[in-house]
Amino acid sequence: MKTLKTIRCLVLYFATVHFFSTSAFGWSEHPMLVRPAIKNLELWSRHNAVAAKSLRAFLIETEKQMEAFLASHEAWSRANLPNYAPCPDSLVFKATGNPDDILKRFYTAIRINPNVKVPLYLHLLPHDDIGGRPVADPRDITTLKDISSMLHTTYVWINEGEMIAPLDVLVSASDEPDYGFDLGLFGDNTTDYGPSYGFGVQSFGNPNLEYSSQAPFHMGFFHEAGILYKFGPFLKRTFIDYRIFLYKALAEFAFSQNQPYWGWRFAGWGIHYMGDVSMPYHMKPLPGVSTLRMIWINLKAMLGFPKAKDHAVQLVSNRHTVFEEFQVQELRQALRNRADTHPFIVALANPVEILGFSYDFLMNVASKESASVSKAVDKSLALFMPKHLVSDPAIEANDHPDIDRIIEVVIADKGQQAADGMSAVMADRMRSFSMHARSYLADLASKSSL
């Protein structure tokens with residue numbers, strides 16, 4: 001019994017130290033990936049521009065139907081999502097007819113941060129023109145305190161009733177879940193709403209760090225060794241599947257109510273989480289470290305020798321950071337230069353074979369494939385990226401000045417061949433990203449007769 005308790009402690013300790021050290025974000029700036037992935041679909045030729053509508057107006061118009069829909073989806077979630085945490089009865093959405101608190105009733109019913117900002121705006125890509133629209137301050141779009149990742153992007157306001165292309169609605173919405181939707185939702189997050197949401201204590205990560213609390217909603221560890229689940233069942237307490245199916249169902253509901261703007265916007269929210277599934281560092285807790293080594297280095301740490309554990313955690317954190325920064329800087333440059341032949345753009349436009357979307361697809365195709373390639377991706381980062389950023393545990397890559405100019409540093413340090421090699425590895429991931437998004441969207445379109 002004492003041995004079992006020790007292993008449980010090891011797994012818990014490992015998960016905690018890893019996740020407060022790494023980013024809770026997956027791909028950086030999802031719209032830059034989503035638009036090239038889906039812009040050429042025949043679907044868009046069948047749909048005219050839709051009138052922008054505030055979330056409050058949408059909810060007022062569909063309040064009674066929303067009550068029935070959310071009750072039905074709750075029953076579906078309890079029956080079909082194995083690790084689902086049921087929504088407490090006290091949060092169930094009721095059609096009270098009161099417009100003053102309708103947003104809060106909706107936010108708490110779907111259990112997102114009740115302080116979120118969901119205004120009418122567009123997220124522009126690097127080569128987009130603002131079209132005479134007023135530029136929005138990111139602080140009016142997100143609840144995040146640190147908006148540094150949003151300062152490279154231009155956001156513009158749109159007006160109630162303004163006609164917007166469905167593709168633009170979906171693409172803009174695909175980044176929103178990273179703007180604070182899933183922050184502070186656990187009972188130990190020191191928020192006034194977390195204890196009432198029914199998710200329990202935070203499954204992994206540091207509950208006191210802002211970004212960390214969203215991790216269990218944007219990651220999923222579905223393909224770990226049995227011993228980890230046996231002694232660390234909390235690793236299964238991830239809720240990315242809940243978000244994917246909730247927002248897909250909300251999109252279907254909106255279309256059924258002849259509310260196309262919110263149909264496309266909810267679809268964008270769901271595609272965000274499908275994109276996270278294609279990110280190897282979101283489907284595997286520590287790529288490149290075996291289960292036995294994980295247990296061994298944490299055993300040593302608990303015995304007073306933490307060096308191996310600290311090094312492993314820092315290295316995976318740095319590689320995750322470098323992966324994201326290389327991706328976003330390279331893709332931003334390609335879009336700004338309208339480089340349609342760039343490997344990233346080509347990959348997003350040419351996904352791997354499209355497979356039908358389902359829960360089985362999510363679990364046994366999409367997430368499994370991402371987990372299976374995580375070790376190879378981790379090794380590629382060690383091979384192609386500058387050694388001081390990915391192989392030196394004494395460095396915090398996120399704070400290193402080279403991280404802001406990673407492409408130049410790679411070429412100077414390793415040569416153009418290394419940059420091309422890393423681009424090829426990431427392009428392979430982007431082909432899967434594109435397939436996941438297209439599979440999700442195709443199923444939504446078929447079920448909503450789009």
Side-chain angles (χ1 to χ4, degrees), residues 13-30 32 138-139 142-153 175 178-180 182-184 202 204-215 218-219 276 279-282 284-289 297 301 306-333 374 377-414 418-419 422 425-426:
Y13 180 63
F14 175 81
T16 301
V17 297
H18 170 53
F19 283 107
F20 83 69
S21 301
T22 59
S23 169
F25 295 107
W27 299 98
S28 293
E29 200 167 341
H30 284 239
M32 293 200 303
R139 294 175 184 84
T142 182
T143 63
L144 295 174
K145 296 175 183 177
D146 179 2
I147 62 167
S148 57
S149 64
M150 302 174 70
L151 297 179
H152 298 284
T153 301
D175 216 34
D178 274 344
Y179 296 168
D182 298 313
L183 297 183
Q202 190 170 321
F204 44 76
N206 185 337
N208 298 314
L209 295 182
E210 181 181 39
Y211 297 140
S212 177
S213 66
Q214 82 168 26
H218 294 248
M219 297 176 170
D276 282 348
M279 161 58 93
Y281 286 95
H282 276 225
K284 198 75 175 174
L286 198 62
V289 178
I297 63 178
K307 187 175 181 179
K309 178 270 297 179
D310 292 342
H311 284 185
V313 170
Q314 189 62 54
L315 290 180
V316 75
S317 174
N318 287 348
R319 290 175 188 181
H320 188 171
T321 296
V322 169
F323 185 101
E324 290 184 28
E325 284 299 323
F326 186 90
Q327 167 253 312
V328 72
Q329 292 178 37
E330 184 79 0
L331 187 52
R332 186 178 289 126
Q333 182 173 292
S374 63
V377 170
D378 194 68
K379 284 186 174 181
S380 294
L381 285 160
L383 176 64
F384 295 125
M385 294 292 98
K387 184 176 180 180
H388 66 286
L389 292 179
V390 296
S391 298
D392 185 351
I395 284 179
E396 172 57 64
N398 194 54
D399 298 330
H400 198 283
D402 285 349
I403 201 67
D404 293 328
R405 54 186 193 94
I406 187 66
I407 300 171
E408 300 171 34
V409 173
V410 170
I411 294 173
D413 187 75
K414 295 265 189 168
M422 195 69 245
V425 171
M426 290 191 179

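Note: hydrogens, waters and symmetry copies are ignored here, and every other heavy atom, side chains too, is used. Just so you know, residue 1 is the first one in the sequence shown, and it goes up from there. If you're wondering where the values come from, they're calculated on a predicted model, not measured in any experiment.
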How far does [atom1] of [X] sit from [atom2] of [Y], to the nearest 0.5 angstrom?
| X | Y | atom1 | atom2 | result |
| --- | --- | --- | --- | --- |
| Asp413 | Glu408 | CG | CD | 13.0 Å |
| Ile403 | Gln329 | CD1 | CD | 7.0 Å |
| Lys414 | Met422 | NZ | CE | 11.5 Å |
| His320 | His282 | NE2 | NE2 | 4.0 Å |
| Met150 | Thr142 | CE | OG1 | 5.0 Å |
| Tyr179 | Leu144 | OH | CG | 9.0 Å |

Backbone N or O of Ser317 within a donor-acceptor pair of the Thr321 side chain at under 3.5 Å?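 At least one qualifying donor-acceptor pair exists.
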Keeping the roles fixed (side chain from Asn318, backbone from Ala397), state whether a donor-acceptor pair exists under 3.5 Å.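 Yes; judged by distance alone, with no hydrogens or angles, the pair exists.
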Check: residues 377-388 side-chain donor-acceptor pairs under 3.5 Å, at least two apart:
from	atom 1	to	atom 2	distance (Å)
Asp378	OD1	Tyr281	OH	2.6
Asp378	OD2	Arg319	NH1	2.8
Ser380	OG	Ala376	O	3.0
His388	NE2	Asp402	OD2	2.8

Less than 4.5 Å apart, any side-chain heavy atom of [X] and any of [Y]?
| X | Y | result |
| --- | --- | --- |
| Met279 | Glu324 | yes |
| Met426 | Phe323 | yes |
| Ser212 | Gln202 | yes |
| Asp392 | Leu315 | no |

How would you list, by chain and number, every residue that makes a ring-ring contact (aromatic ring centres under 6.0 Å, His included) with Phe326, sequence neighbours excluded? none
Going by atom types only, do Asp175 and His30 share a side-chain donor-acceptor pair under 3.5 Å?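 No.
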Do Ser28 and Glu325 meet the criterion of a side-chain donor-acceptor pair at a distance under 3.5 Å? no
Are there more than 12 heavy atoms of other residues, nucleotides or ligands under 6.0 Å from atom CZ of Arg139?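 No, the 6.0 Å shell around CZ holds no more than 12 heavy atoms from other groups.
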Of all heavy-atom pairs linking Pro287 and Ser374, the shortest is CB-O, 3.6 Å
Would you sort out whether Gln214 and Asp178 count as a side-chain hydrogen bond (donor to acceptor under 3.5 Å, both in side chains), showing the intermediate values? CA-CA 8 Å; Gln214 82 168 26; Asp178 274 344; 3.1 Å; yes
